[in-house]
Trainee: 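Below: one structure in C-alpha coordinates.
Just so it is clear: chains get the letters A, B, ... in the order the sequence lines come, proteins before strands, and each one is counted from 1.
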Amino acid sequence: DVKVTQSSRYLVKRTGEKVFLECVQDMDHENMFWYRQDPGLGLRLIYFSYDVKMKEKGDIPEGYSVSREKKERFSLILESASTNQTSMYLCASSLMGQSTGTFGSGTRLTVV
Amino acid sequence: DQQVKQNSPSLSVQEGRISILNCDYTNSMFDYFLWYKKYPAEGPTFLISISSIKDKNEDGRFTVFLNKSAKHLSLHIVPSQPGDSAVYFCAASEGNQFYFGTGTSLTVIP
(Lines give C-alpha, C1' and ligand atoms only; values in the text may rest on other atoms or scores of the structure.)
Protein backbone atom coordinates (compact mmCIF):
# COMPACT_ATOMS: atom_id res chain seq x y z
CA ASP A 1 0.00 0.00 0.00
CA VAL A 2 1.18 3.50 -0.82
CA LYS A 3 1.87 5.53 2.25
CA VAL A 4 1.86 9.30 2.37
CA THR A 5 3.09 10.60 5.70
CA GLN A 6 2.64 14.12 6.97
CA SER A 7 5.01 14.88 9.81
CA SER A 8 2.54 16.61 12.12
CA ARG A 9 -1.15 15.98 12.79
CA TYR A 10 -1.64 19.21 14.74
CA LEU A 11 0.43 22.38 14.73
CA VAL A 12 -0.01 25.74 16.44
CA LYS A 13 2.12 28.64 15.24
CA ARG A 14 2.24 32.37 15.88
CA THR A 15 1.50 35.04 13.29
CA GLY A 16 4.64 35.93 11.38
CA GLU A 17 6.43 32.63 12.01
CA LYS A 18 7.93 30.65 9.16
CA VAL A 19 6.22 27.27 9.04
CA PHE A 20 7.34 24.07 7.35
CA LEU A 21 4.89 21.26 6.59
CA GLU A 22 6.58 18.06 5.51
CA CYS A 23 5.21 15.26 3.38
CA VAL A 24 6.92 11.99 2.48
CA GLN A 25 5.68 9.21 0.20
CA ASP A 26 7.24 5.77 -0.08
CA MET A 27 6.12 4.50 -3.50
CA ASP A 28 8.31 6.43 -5.92
CA HIS A 29 5.45 8.62 -7.16
CA GLU A 30 6.38 11.41 -9.53
CA ASN A 31 3.50 13.72 -8.69
CA MET A 32 3.00 15.36 -5.32
CA PHE A 33 0.36 17.88 -4.28
CA TRP A 34 -0.47 20.22 -1.43
CA TYR A 35 -4.11 21.11 -0.75
CA ARG A 36 -5.89 22.98 1.97
CA GLN A 37 -9.36 22.02 3.09
CA ASP A 38 -11.73 24.64 4.49
CA PRO A 39 -15.43 24.33 5.35
CA GLY A 40 -17.61 25.14 2.37
CA LEU A 41 -14.62 25.44 0.04
CA GLY A 42 -13.58 21.82 -0.38
CA LEU A 43 -10.00 20.98 -1.29
CA ARG A 44 -8.10 23.73 -3.00
CA LEU A 45 -4.77 23.11 -4.69
CA ILE A 46 -1.89 25.21 -3.42
CA TYR A 47 1.09 23.79 -5.33
CA PHE A 48 2.04 20.62 -7.12
CA SER A 49 5.20 19.05 -8.43
CA TYR A 50 5.83 16.63 -11.31
CA ASP A 51 9.43 15.90 -10.51
CA VAL A 52 12.35 16.78 -8.32
CA LYS A 53 13.03 20.52 -8.25
CA MET A 54 9.91 21.16 -10.34
CA LYS A 55 6.91 23.02 -9.01
CA GLU A 56 3.72 24.48 -10.39
CA LYS A 57 1.29 26.92 -8.82
CA GLY A 58 -2.17 25.67 -8.06
CA ASP A 59 -5.27 27.75 -7.45
CA ILE A 60 -4.19 29.51 -4.24
CA PRO A 61 -0.37 29.78 -4.09
CA GLU A 62 -0.23 33.22 -2.47
CA GLY A 63 1.57 33.17 0.87
CA TYR A 64 3.05 29.72 0.24
CA SER A 65 6.12 28.23 -1.34
CA VAL A 66 7.25 24.64 -1.82
CA SER A 67 10.42 22.63 -2.03
CA ARG A 68 11.08 19.28 -3.68
CA GLU A 69 14.74 18.41 -3.35
CA LYS A 70 14.12 14.66 -3.26
CA LYS A 71 11.50 12.64 -5.10
CA GLU A 72 9.89 11.28 -1.95
CA ARG A 73 9.61 14.58 -0.07
CA PHE A 74 7.48 17.63 -0.78
CA SER A 75 7.57 20.51 1.69
CA LEU A 76 5.06 23.32 2.02
CA ILE A 77 6.44 26.56 3.44
CA LEU A 78 4.46 29.41 4.93
CA GLU A 79 6.94 32.27 4.73
CA SER A 80 5.13 34.41 7.31
CA ALA A 81 2.12 32.65 8.79
CA SER A 82 -1.13 34.58 9.03
CA THR A 83 -4.39 33.75 10.77
CA ASN A 84 -6.16 33.19 7.43
CA GLN A 85 -3.81 30.27 6.84
CA THR A 86 -5.41 28.37 9.70
CA SER A 87 -6.65 25.28 7.91
CA MET A 88 -6.34 21.54 7.33
CA TYR A 89 -3.44 20.88 4.96
CA LEU A 90 -3.45 17.69 2.91
CA CYS A 91 -0.59 16.23 0.93
CA ALA A 92 -1.18 13.74 -1.90
CA SER A 93 0.91 11.82 -4.38
CA SER A 94 0.29 9.90 -7.59
CA LEU A 95 2.11 8.17 -10.41
CA MET A 96 2.59 10.12 -13.63
CA GLY A 97 -0.42 9.44 -15.83
CA GLN A 98 -2.43 7.97 -12.96
CA SER A 99 -5.61 9.76 -12.13
CA THR A 100 -6.09 8.57 -8.57
CA GLY A 101 -4.12 10.21 -5.79
CA THR A 102 -3.25 8.92 -2.35
CA PHE A 103 -3.62 11.34 0.52
CA GLY A 104 -1.86 11.75 3.82
CA SER A 105 -3.84 12.10 7.04
CA GLY A 106 -3.56 15.87 7.06
CA THR A 107 -2.03 18.54 9.27
CA ARG A 108 -4.39 20.78 11.19
CA LEU A 109 -2.55 24.11 11.40
CA THR A 110 -3.73 26.86 13.70
CA VAL A 111 -2.11 30.29 13.43
CA VAL A 112 -2.66 32.48 16.48
CA ASP B 1 -14.15 30.00 -10.15
CA GLN B 2 -15.16 26.56 -8.93
CA GLN B 3 -14.89 24.09 -11.81
CA VAL B 4 -16.37 21.22 -9.80
CA LYS B 5 -19.44 21.86 -7.68
CA GLN B 6 -21.34 19.89 -5.11
CA ASN B 7 -24.45 21.90 -4.39
CA SER B 8 -25.68 19.87 -1.43
CA PRO B 9 -23.48 20.40 1.62
CA SER B 10 -25.26 17.67 3.55
CA LEU B 11 -27.52 14.66 3.08
CA SER B 12 -29.29 12.38 5.57
CA VAL B 13 -30.49 8.93 4.58
CA GLN B 14 -32.06 6.05 6.45
CA GLU B 15 -29.98 2.88 6.75
CA GLY B 16 -30.78 0.45 3.94
CA ARG B 17 -32.00 3.17 1.58
CA ILE B 18 -30.18 4.61 -1.41
CA SER B 19 -27.86 7.61 -1.03
CA ILE B 20 -27.42 9.78 -4.10
CA LEU B 21 -24.66 12.35 -4.12
CA ASN B 22 -24.45 14.79 -7.00
CA CYS B 23 -21.66 16.71 -8.65
CA ASP B 24 -21.55 19.18 -11.54
CA TYR B 25 -18.57 20.40 -13.51
CA THR B 26 -17.90 23.10 -16.05
CA ASN B 27 -14.75 22.05 -17.90
CA SER B 28 -15.47 19.77 -20.87
CA MET B 29 -11.77 18.83 -21.02
CA PHE B 30 -11.96 16.77 -17.84
CA ASP B 31 -11.23 13.17 -18.77
CA TYR B 32 -11.49 11.33 -15.46
CA PHE B 33 -13.80 11.65 -12.51
CA LEU B 34 -13.37 10.37 -9.00
CA TRP B 35 -15.13 10.14 -5.68
CA TYR B 36 -13.25 10.33 -2.40
CA LYS B 37 -14.55 9.62 1.07
CA LYS B 38 -13.24 11.46 4.11
CA TYR B 39 -13.68 10.70 7.77
CA PRO B 40 -12.93 13.41 10.36
CA ALA B 41 -9.22 13.81 11.16
CA GLU B 42 -8.22 11.55 8.26
CA GLY B 43 -7.13 12.21 4.70
CA PRO B 44 -9.53 11.48 1.83
CA THR B 45 -9.49 7.92 0.54
CA PHE B 46 -10.25 6.96 -3.02
CA LEU B 47 -13.63 5.33 -3.49
CA ILE B 48 -14.52 4.92 -7.15
CA SER B 49 -13.75 6.52 -10.49
CA ILE B 50 -15.02 6.71 -14.04
CA SER B 51 -13.39 7.57 -17.31
CA SER B 52 -15.05 10.10 -19.58
CA ILE B 53 -15.56 7.40 -22.21
CA LYS B 54 -17.96 5.53 -19.91
CA ASP B 55 -21.31 6.44 -18.43
CA LYS B 56 -21.41 4.00 -15.53
CA ASN B 57 -19.01 2.22 -13.23
CA GLU B 58 -20.01 -0.11 -10.44
CA ASP B 59 -18.08 -1.44 -7.47
CA GLY B 60 -20.12 -3.36 -4.93
CA ARG B 61 -22.58 -1.01 -3.25
CA PHE B 62 -21.14 2.02 -5.07
CA THR B 63 -22.07 3.11 -8.58
CA VAL B 64 -20.95 6.26 -10.33
CA PHE B 65 -22.94 7.65 -13.25
CA LEU B 66 -21.58 10.18 -15.72
CA ASN B 67 -23.74 12.36 -17.98
CA LYS B 68 -21.29 14.22 -20.18
CA SER B 69 -23.87 16.25 -22.03
CA ALA B 70 -25.16 17.62 -18.72
CA LYS B 71 -21.64 17.78 -17.19
CA HIS B 72 -23.02 15.90 -14.22
CA LEU B 73 -21.96 12.89 -12.23
CA SER B 74 -23.54 11.13 -9.32
CA LEU B 75 -22.60 8.53 -6.76
CA HIS B 76 -25.18 5.99 -5.68
CA ILE B 77 -24.71 3.99 -2.52
CA VAL B 78 -27.14 1.15 -2.02
CA PRO B 79 -27.89 -0.06 0.53
CA SER B 80 -26.56 2.74 2.71
CA GLN B 81 -24.87 1.74 5.96
CA PRO B 82 -24.03 3.79 9.07
CA GLY B 83 -20.31 3.33 8.30
CA ASP B 84 -20.88 5.26 5.07
CA SER B 85 -21.37 8.43 7.13
CA ALA B 86 -18.55 10.71 5.97
CA VAL B 87 -17.82 13.66 3.73
CA TYR B 88 -17.76 12.75 0.06
CA PHE B 89 -15.74 14.77 -2.43
CA CYS B 90 -16.06 14.48 -6.15
CA ALA B 91 -13.03 15.33 -8.23
CA ALA B 92 -12.23 15.74 -11.88
CA SER B 93 -8.88 15.55 -13.54
CA GLU B 94 -7.28 17.01 -16.60
CA GLY B 95 -3.84 15.58 -17.11
CA ASN B 96 -2.15 15.21 -13.75
CA GLN B 97 -4.14 17.85 -11.92
CA PHE B 98 -7.21 17.21 -9.77
CA TYR B 99 -10.04 19.64 -9.10
CA PHE B 100 -12.24 18.94 -6.12
CA GLY B 101 -15.79 19.84 -5.21
CA THR B 102 -16.72 21.34 -1.85
CA GLY B 103 -17.91 18.05 -0.40
CA THR B 104 -21.22 16.59 0.77
CA SER B 105 -21.55 15.36 4.32
CA LEU B 106 -23.56 12.13 4.31
CA THR B 107 -25.24 10.90 7.47
CA VAL B 108 -26.75 7.44 7.42
CA ILE B 109 -29.28 7.08 10.22
CA PRO B 110 -29.51 3.62 11.81
Trainee: Is there a path from B:L66 to B:F62 through hydrophobic residues (I, L, V, M, F, W, Y) whose side chains come within less than 4.5 Å of each other?
Mentor: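 Yes: a chain of side-chain contacts under 4.5 Å links B:L66 to B:F62.
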Trainee: Suppose we screen for salt bridge (charged side-chain N to carboxylate O under 4.0 Å, His left out). Which residues come up paired with A:R44, at least two apart in sequence or across chains?
Mentor: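 Result, salt bridge (charged side-chain N to carboxylate O under 4.0 Å, His left out) vs A:R44: A:D38.
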Trainee: Consider only side-chain heavy atoms of I, L, V, M, F, W and Y, link residues closer than 4.5 Å, and tell whether A:Y64 and A:Y35 are in one cluster.
Mentor: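 Different clusters: A:Y64 never reaches A:Y35 through Ile, Leu, Val, Met, Phe, Trp or Tyr contacts under 4.5 Å.
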Trainee: Only heavy atoms, only distances under 4.5 angstrom. Which residues in residues 45-55 of chain A are near chain B?
Mentor: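 If one takes a 4.5 Å heavy-atom cut-off, the residues of residues 45-55 of chain A near chain B are A:L45, A:F48, A:Y50.
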Trainee: Check whether B:F30 and B:L21 end up in the same hydrophobic cluster, where Ile, Leu, Val, Met, Phe, Trp and Tyr are linked by side-chain heavy atoms less than 4.5 Å apart.
Mentor: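 Result: yes, single cluster for both.
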Trainee: Can you name the residues of residues 100-110 of chain B that have some heavy atom under 4.5 Å away from a heavy atom in chain A?
Mentor: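 Hits under 4.5 Å: B:F100, B:G101, B:T102.
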Trainee: Is B:P9 close to chain A through its backbone or its side chain, or both, or neither, when contacts mean heavy atoms under 4.5 Å?
Mentor: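 The answer is neither part of B:P9.
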Trainee: Can you tell me which portion of A:E56 sits under 4.5 Å from chain B's heavy atoms? Options are side chain, backbone, both or neither.
Mentor: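 The answer is neither part of A:E56.
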Trainee: What's the spacing between B:K38 NZ and A:L90 CG if we round to 0.5 Å?
Mentor: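 CG of A:L90 is found 6.0 Å from NZ of B:K38.
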Trainee: By a 4.5 Å heavy-atom criterion (distance strictly below it), what part of A:R9 contacts chain B: side chain, backbone, both, or neither?
Mentor: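 Contact with chain B is through the side chain of A:R9 alone.
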Trainee: Quick one: are A:F103 and B:Y36 in side-chain contact, heavy atoms under 4.5 Å?
Mentor: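 A:F103 vs B:Y36: side chains touch.
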Trainee: Can you name the salt bridge (charged side-chain N to carboxylate O under 4.0 Å, His left out) partners of A:K71, sequence neighbours left out?
Mentor: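 A:K71: salt bridge (charged side-chain N to carboxylate O under 4.0 Å, His left out) contacts with A:D28.
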Trainee: Are more than 12 heavy atoms from other residues, nucleotides or ligands located less than 6.0 Å from atom CZ of B:R17?
Mentor: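 Incorrect, the count does not exceed 12.
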Trainee: Looking only at non-hydrogen atoms, find the nearest pair between B:F98 and A:S94 and report the distance.
Mentor: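 Heavy atoms only, the tightest pair is CE1-OG, 4.4 Å.
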Trainee: Any link between A:V4 and A:L11 through a network of hydrophobic side chains (Ile, Leu, Val, Met, Phe, Trp, Tyr) touching at under 4.5 Å?
Mentor: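 No: no chain of side-chain contacts under 4.5 Å links A:V4 to A:L11.
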Trainee: Is it true that A:Y89 and B:Y99 fall in one hydrophobic cluster, defined by side-chain heavy atoms closer than 4.5 Å?
Mentor: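 No: no chain of side-chain contacts under 4.5 Å links A:Y89 to B:Y99.
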Trainee: Do B:F46 and A:T102 touch side chain to side chain, with heavy atoms closer than 4.5 Å?
Mentor: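 Side chain of B:F46 against side chain of A:T102, heavy atoms only: no contact under 4.5 Å found.
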